[in-house]
Amino acid sequence: MSEWALWAQEHATTLMLRLRRALLQLAILTSVVLLILWMSVFLYGSFYYSYMPSVSYTTPVHLAFRTDCDSKGVLCSYPSANVSLLRNGKEKVMMYGQPYRISLWLQMPESPINQNLGMFMVQMSCYTRAGAEISSISKSAMLHYKSGLLQLLDTLLYSPLFITGLVEQAQIVEVEFYSDYKEDSYAPTIGAVVEIQSRHIEIYKAQLQIRAYFTGISSLPTPLPFYPHCSLFPFPDLYPTPSVPPTPPLCPP
């Protein structure tokens with residue numbers, strides 16, 4: 001074998017060793033980077049779910065009223081509900097020092113009774129484990145106005161959907177109770193009593209939503225519009241809502 005062939009073989013062997021070593025180093029570096037990335041994601045997720053409060057909490061509001069009177073077309077009492085603010089009956093929904101936005105969402109049919117109802121009051125009273133009331137607030141609400149011509153055009157346009165039952169003639173009425181509610185560490189809130197102060201109202205469904213307001217670096221989600229005739233109750237847990245700027249708390253801190 002000539003000297004040139006021996007030289008080529010030696011250099012080829014050296015090149016293969018260097019290439020193998022480079023590939024091994026690259027594999028080790030990639031494995032270390034992936035391990036560090038996985039550990040970072042794991043630690044961040046563990047910290048987030050352990051210490052960060054829930055972004056939102058939604059619970060149904062089952063309204064009840066008396067039926068032991070002889071009045072026709074009028075409820076015997078105001079519809080009310082006792083709502084628990086404990087997740088699974090044990091875990092608290094709201095954390096100390098964290099501001100929350102509390103709203104009630106009502107799905108109301110566009111019936112003549114509701115259209116003639118006008119404004120009505122909705123009251124919410126927060127209480128502690130001992131049953132002591134720590135906050136009470138009342139807000140007004142009403143259906144959005146629609147002229148007779150607009151109702152006629154709306155009915156004609158969506159009549160196929162109304163007939164098939166895909167949508168309903170209903171509106172979503174939001175009643176915002178608190179925009180900056182904060183928990184008291186000495187008297188935590190475990191429940192609330194919601195009362196609709198009208199005996200002529202008609203309601204399909206009701207839900208109470210609690211949404212945390214985070215300060216600092218936060219993104220502003222874009223709300224998706226919902227149509228008021230949707231038969232699937234479009235509560236805010238399905239559509240992100242923008243954060244509300246903090247205002248002085250309505251409940252005692």
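Below, each value reflects all heavy atoms present in this structure, side chains not excepted, and no hydrogens, waters or symmetry copies.
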Return yes when atom OH of Tyr96 has more than 12 non-hydrogen atoms of other residues, nucleotides or ligands closer than 6.0 Å, and no otherwise. yes
Does either side chain, that of Glu195 or that of Ser125, offer a donor lying less than 3.5 Å from an acceptor on the other one?
no
- [ ] Give the cluster check for Leu157 versus Leu152: same hydrophobic cluster or not, with ILVMFWY residues linked at side-chain heavy-atom distances below 4.5 Å.
- [x] no
To the nearest 0.5 Å, atom CG of Leu26 lies from atom CZ of Arg21 at 14.5 Å
Smallest heavy-atom separation, Met108 atom then Leu143 atom, equals CB-CD2, 3.9 Å
Residue set satisfying side chain to side chain contact (heavy atoms under 4.5 Å, CB included) with Pro109, at least two apart, ordered chain then number -> Ser111, Asn114, Glu202, Tyr204
Taking Tyr145 as the starting point, is it possible to reach Leu149 by hopping between hydrophobic residues whose side chains are less than 4.5 Å apart? no
Rounded to the nearest 0.5 Å, the CZ atom of Phe177 sits from the CG atom of Leu208 at a distance of 7.0 Å
Distance-only donor-acceptor check, side chains Gln123 and Ser136, under 3.5 Å
yes
More than 12 heavy atoms from other groups under 6.0 Å of CG on Asn88:
no
| In terms of hydrophobic clustering (I, L, V, M, F, W, Y; side-chain heavy atoms under 4.5 Å; direct or indirect links), are Met124 and Val193 co-clustered? | no
| Are side-chain heavy atoms of Asp184 and Ile134 found at a separation under 4.5 Å? | no
Judged by atom type as modelled, is there a donor-acceptor pair below 3.5 Å linking the side chain of Gln151 to the main-chain atoms of Lys146? yes
Do the side chains of Val83 and Leu86 join up, straight or via other hydrophobic residues, at under 4.5 Å, putting them in one cluster? no
Minimal heavy-atom distance between Phe162 and Gln169, with the atoms involved, is CZ-CG, 3.4 Å
Sorted by chain and residue number, the salt bridge (Lys or Arg N to Asp or Glu O under 4.0 Å) partners of Glu133 (sequence neighbours excluded) come out as none
Smallest heavy-atom separation, Gln209 atom then Ser56 atom, equals NE2-CB, 4.5 Å
Rounded to the nearest 0.5 Å, the NZ atom of Lys139 sits from the CE atom of Met121 at a distance of 9.0 Å
> Leu104 versus Gln207: any side-chain heavy-atom pair under 4.5 Å?
Replying inline: no
Practice problem: Measure the shortest side-chain to side-chain distance between Met95 and Tyr100 over non-hydrogen atoms and say whether it is less than 4.5 angstrom. | Solution: yes
Extract all donor-acceptor atom pairs below 3.5 Å that involve side chains of residues 73-82 and protein atoms in other chains or at least two apart in sequence.
| residue | atom | partner | partner atom | Å |
| --- | --- | --- | --- | --- |
| Ser77 | OG | Arg66 | N | 2.8 |
| Asn82 | OD1 | Tyr127 | OH | 2.6 |

**OP:** Check whether any side-chain heavy atom of Thr189 lies under 4.5 Å from a side-chain heavy atom of Tyr181, and answer yes or no.
**Re:** yes
Is it the case that Ser135 and Tyr178 place a side-chain donor and acceptor less than 3.5 Å from each other?
yes
- Linking I/L/V/M/F/W/Y whenever any side-chain heavy atoms sit under 4.5 Å apart, do Ile137 and Leu85 land together? yes
Rounding to 0.5 Å, atoms OG1 (Thr128) and CD1 (Ile190) come to a distance of 6.5 Å
Checklist entry - Would you say Asn116's side chain and Pro112's backbone share a donor-acceptor pair under 3.5 angstrom? => result yes
| side-chain contact (heavy atoms from CB on, under 4.5 Å) between Leu34 and Thr30, intermediate numbers included | CA-CA 6 Å; Leu34 291 177; Thr30 304; 4.1 Å; yes
Value for CE (Met142) from CZ (Phe120), rounded to nearest 0.5 Å, stands at 9.0 Å
- Say whether Gln171 and Glu110, considering side chains only, have a donor N or O and an acceptor N or O under 3.5 Å apart. yes
In this structure, CD1 of Ile102 is separated from CD of Glu176 (nearest 0.5 Å) by 10.0 Å
*Report yes if some heavy atom in the side chain of Leu29 is under 4.5 Å from a heavy atom in the side chain of Val33; otherwise report no.*
yes
